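A short worksheet on the structure shown next.
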Number of protein chains: 2
Amino acid sequence: MKINLTTQRKAVYDIILQAHDHPTAADVIERLRAAGHNFAYGTVYNSLRYLTDNDLIRELKLGEAASRYDARTEDHHHIVCIKCGRVDEVMTDVPQQWMEAVAEETGYVVHEATINLEGVCPACKTSKP
Amino acid sequence: MKINLTTQRKAVYDIILQAHDHPTAADVIERLRAAGHNFAYGTVYNSLRYLTDNDLIRELKLGEAASRYDARTEDHHHIVCIKCGRVDEVMTDVPQQWMEAVAEETGYVVHEATINLEGVCPACKTSKP
DNA sequence: ATTGAATTTATACTAAATCTAAATTCAAAT
DNA sequence: ATTTGAATTTAGATTTAGTATAAATTCAAT
């Protein structure tokens with residue numbers, strides 16, 4: 001089915017595209033307001049789901065309370081800095097061999113692996129506490 | 001500091017130890033009731049956190065709404081069946097080499113990787129829809 | 001017995017997200 | 001141009017998971 005980018009959905013999509021962090025729904029609403037849009041709460045959630053379902057964006061569940069959203073839809077993972085909360089992309093892919101080992105161990109047909117890493121980012125590494 | 005296992009904490013711990021699935025807080029409360037305990041809502045959450053903080057159990061954030069809890073505290077991962085929701089352990093560890101590649105790519109000091117897999121479990125694989 | 005720190009309880013509250021029903025939009029067909 | 005109807009948006013209520021708070025209780029150590 002053809003993708004229907006309404007004004008609201010387009011505006012939400014633009015926010016995600018322009019973001020260099022990984023904004024939550026609340027962040028998106030805040031940025032929409034700053035850009036002069038005042039959409040209903042539910043509309044933003046609906047839009048985020050619509051965009052996610054149509055693979056224009058990705059929903060990230062990093063173990064925090066709120067989902068984050070990412071304009072990069074290629075297969076990749078994320079690392080969160082435990083000091084400052086910053087989220088970065090991890091493009092290095094997990095070895096196919098490992099996936100096969102998991103399939104063998106569990107008997108599952110393995111569809112995908114979501115990997116959330118934790119560590120200390122370069123900036124926090126060098127800064128004093 | 002010495003671990004203080006009160007009646008409530010011990011009862012919660014026992015539920016997790018005896019569970020062969022990976023119960024949520026709500027599951028734990030339900031099973032406590034079934035066992036004749038009727039602790040305050042908050043006490044169960046406090047107990048789960050206390051047990052988690054003291055490494056007696058692990059909190060799992062599998063991308064679902066609610067956290068699950070696991071009596072196995074060794075380093076391991078989880079796979080969720082997309083058909084029936086069943087959660088299984090994955091003991092096969094991710095190659096150290098991969099972790100190093102991620103550290104190199106991102107510049108982070110990598111502390112840990114949480115891996116949540118999705119697939120179809122053996123039972124669902126063989127059963128007709 | 002008395003103190004006091006830790007814990008539990010009951011309840012209120014918060015955050016994130018979903019649901020609902022009415023209002024609005026907008027393309028397609030008269 | 002108007003009508004129709006499906007999709008969408010809106011506003012607000014509701015749900016779910018979990019946290020915060022203040023009073024009551026427990027319990028070990030004086």
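Note that the structure is a prediction, hence the values are computed from the model and not measured. So that the names make sense, note that chain A is the first sequence line, chain B the second, and so on, each numbered from 1. Every heavy atom of this structure was used, including side-chain atoms; hydrogens, water molecules and symmetry mates were not.
- Closest approach of B:Trp98 and A:Thr92 over heavy atoms only: NE1-O, 3.5 Å.
- Residue A:Tyr45 places at least one side-chain N or O closer than 4.0 Å to OP1 or OP2 of C:dA17.
- Distance, A:Arg33 CZ to D:dT10 C1': 13 Å, rounded to whole Å.
- Checking each of A:Thr114, A:Asn116, A:Asp93 against A:His77 for a side chain to side chain contact (heavy atoms under 4.5 Å, CB included) leaves exactly one that passes, namely A:Asp93.
- Here the P atom of nucleotide D:dT19 and the CD1 atom of B:Ile29 are 12 Å apart, to the nearest Å.
- Atom-to-atom, CG of A:Leu5 to P of D:dA7 comes out at 17 Å; the value is rounded to the nearest Å.
- Judged by distance alone, the side chains of A:Glu59 and A:Ser67 do bring a donor and an acceptor atom under 3.5 Å apart.
- For the pair A:Leu32 CG and D:dT9 P, the interatomic distance rounds to 12 Å; values are reported in whole Å.
- Between B:Asp53 and B:Arg49, none of the side-chain N atoms (NZ, or NE/NH1/NH2) sits under 4.0 Å from a carboxylate O, so this pair counts as no salt bridge.
- Contact of the B:Ile115 side chain with the B:Val90 side chain is not registered, since no non-hydrogen atoms from C-beta on lie closer than 4.5 Å.
- Remark: P of C:dA17 and CG of A:Leu60 are 12 Å apart, rounded to the nearest angstrom.
- Distances shown here put every side-chain N or O of A:Ser67 at or beyond 4.0 Å from the OP1 or OP2 atom of C:dA16.
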With 3.5 Å as the limit, what N/O pairs link the protein to nucleotides 8-11 of chain C?
unit_1	atom_1	unit_2	atom_2	d
C:dT8	OP1	B:Thr6	OG1	2.4
C:dT8	OP1	B:Gln8	OE1	3.1
C:dT8	O3'	B:Gln8	NE2	3.2
C:dT9	OP2	B:Ala40	N	3.3
C:dT9	OP2	B:Thr43	OG1	3.0

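- Here the P atom of nucleotide D:dA17 and the NZ atom of B:Lys61 are 14 Å apart, to the nearest Å.
- At whole-Å resolution of the value, CZ in B:Arg68 and P in D:dA17 are 11 Å apart.
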side-chain contact (heavy atoms from CB on, under 4.5 Å) between B:Tyr50 and B:Ile3, worked out: CA-CA 9 Å; B:Tyr50 180 88; B:Ile3 285 171; 3.9 Å; yes
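- A:Thr24 meets the side-chain hydrogen bond (donor to acceptor under 3.5 Å, both in side chains) test with A:Asp27; sequence neighbours excluded.
- For D:dA7, neither phosphate oxygen OP1 nor OP2 lies less than 4.0 angstrom from any side-chain nitrogen or oxygen of A:Asn4.
- Between A:Leu48 atom CG and C:dA16 atom P the separation is 14 Å, expressed in whole Å.
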